[in-house]
Every structure is written in C-alpha cells, then in structure tokens.
Amino acid sequence: RELVSRLHQRGVQVFLVSGGFQSIVEHVALQLNIPTANVFANRLKFYFNGEQYAGFDETQPTAESGGKGKVITHLKEQFHFKKVVMIGDGATDMEACPPGDCFIGFGGNVVRKQVKEKAKWYITHFDELLKELEE
C-alpha cells in the first residue's frame with residue numbers, strides 16, 4: 001500500500017496486469033486505491049442463469065501467451081508512456097520486458113528460481129523500492 005501510495009503522490013499511474021481473475025484482482029486494486037480501469041486480468045464467464053461456470057473470456061489479452069506484453073504495448077500507445085516498469089514474481093511478468101522497459105523481480109510471496117536468477121534487480125520486500133524512491 002505504501003509503495004502504491006508513494007507512486008500516486010509522484011503522479012505515477014499504477015496498473016495491475018495479471019493472469020488471475022478480474023473479480024479477485026479488482027478487490028486487490030480497491031485495497032490499493034488503484035482504479036478498476038487500471039486492472040487487466042482474465043474474466044470469468046457464466047451462463048445466462050448466472051449460476052454455472054461457462055469458462056473464461058478468451059478475448060482478454062491476459063488469457064493468451066504473451067498477453068502481459070500486449071497490455072504493456074497497449075498502455076504505452078494509449079498513454080504515451082516513455083517508461084514502463086514491470087514488477088512481478090513470475091516468468092510471464094519477466095517476459096513482458098520488452099515491451100516493458102524494466103523488470104523488477106519480486107520474491108516477497110514466493111521465490112521462483114528462474115525469476116531470481118534472471119532478473120537484473122530482485123527484491124523480497126517493497127521497502128527496498130521505497131528506499132530507492134527516497135534517494
């Protein structure tokens with residue numbers, strides 16, 4: 001929360017790009033004061049009665065291989081961002097750079113060996129990024 005709050009204070013837009021499901025990721029976004037319009041995740045589909053699961057929306061970019069990179073490309077085009085930094089704990093996060101300009105590996109929840117070994121910058125706590133923002 002503190003990292004996102006500090007980024008917002010600096011005028012930095014924060015987005016959540018996830019291979020998870022939108023209903024869960026939006027809940028996290030609300031906790032972090034990230035607008036739901038800044039959430040890119042997979043959507044569940046239900047039959048018209050709303051009771052039976054019908055799959056997930058395959059049209060979402062996050063539902064396909066390389067989808068996170070496609071989201072970053074879209075964001076760069078839409079907002080004319082000069083730099084996009086991706087923070088993540090998985091291989092699909094790391095693979096989104098490029099088109100992302102920088103990848104920061106995060107091992108605060110789970111340490112994935114491949115990410116830890118290949119990330120140029122690897123952190124285990126967001127305090128490390130907060131210190132960098134202060135300098």
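Remember, it's a predicted structure, so these values are computed and weren't measured experimentally.
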Original post:
What distance do I104 atom CD1 and L129 atom CG have between them, rounded to the nearest 0.5 Å?
Top reply: 5.0 Å
**OP:** Check whether any side-chain N or O of R112 sits under 3.5 Å from a backbone N or O of D89 as a donor-acceptor pair, and report yes or no.
**Re:** yes
Subject >> Spacing of CG belonging to L3 relative to CD1 belonging to I87, to within rounding of 0.5 Å >> reply: 6.0 Å
Original post:
Do the charged groups of D101 and K76 touch, with an N to O distance under 4.0 Å?
Top reply: yes
Original post:
Is the count of non-hydrogen atoms from other residues, nucleotides or ligands lying under 6.0 Å from H27 atom NE2 greater than 12?
Top reply: no
Original post:
So do L16 and I34 actually touch side chain to side chain, heavy atoms under 4.5 Å?
Top reply: yes
Original post:
Of all heavy-atom pairs between F103 and C97, which one has the smallest distance, and what is that distance?
Top reply: CB-SG, 3.8 Å
Subject >> Check: Q13 and F79 side chains under 4.5 Å, non-hydrogen atoms >> reply: yes
Subject >> Closest contact, heavy atoms only, F81 versus L75 >> reply: CD1-O, 3.7 Å
Original post:
Among V25, V71, V39, N38, which residue meets the side-chain contact (heavy atoms from CB on, under 4.5 Å) test with V17?
Top reply: V71
**OP:** Find out if a path of hydrophobic residues (ILVMFWY) with successive side-chain heavy-atom gaps under 4.5 Å connects V4 to I24.
**Re:** no
Original post:
Between atom CD1 of I123 and atom CD of E132, what is the distance when rounded to the nearest 0.5 Å?
Top reply: 10.0 Å
**OP:** Hey, can you tell me if F15 and F40 have their rings parallel, tilted or perpendicular (30° and 60° cut-offs)?
**Re:** tilted
Subject >> Close side-chain approach of M86 to K68, heavy-atom, < 4.5 Å >> reply: yes
Subject >> Non-hydrogen side-chain atoms of E2 and R6 separated by less than 4.5 Å >> reply: yes
**OP:** Please check if the distance between the ring centroids of F126 and F106 is under 6.0 Å.
**Re:** yes
Original post:
Of the non-hydrogen atoms in P99 and G69, which two are nearest, and what is the gap between them?
Top reply: CG-O, 3.1 Å
Original post:
Which heavy atom of A119 sits nearest a heavy atom of M94, and at what distance?
Top reply: N-SD, 4.2 Å
Original post:
Is the backbone of H125 close enough, under 3.5 Å, to the side chain of E128 for a donor and an acceptor to pair up by distance?
Top reply: yes
Original post:
Is L30 linked to L32 within one hydrophobic cluster, defined over Ile, Leu, Val, Met, Phe, Trp and Tyr using a side-chain heavy-atom separation of less than 4.5 Å?
Top reply: no
Original post:
Do the side chains of L130 and L7 join up, straight or via other hydrophobic residues, at under 4.5 Å, putting them in one cluster?
Top reply: yes
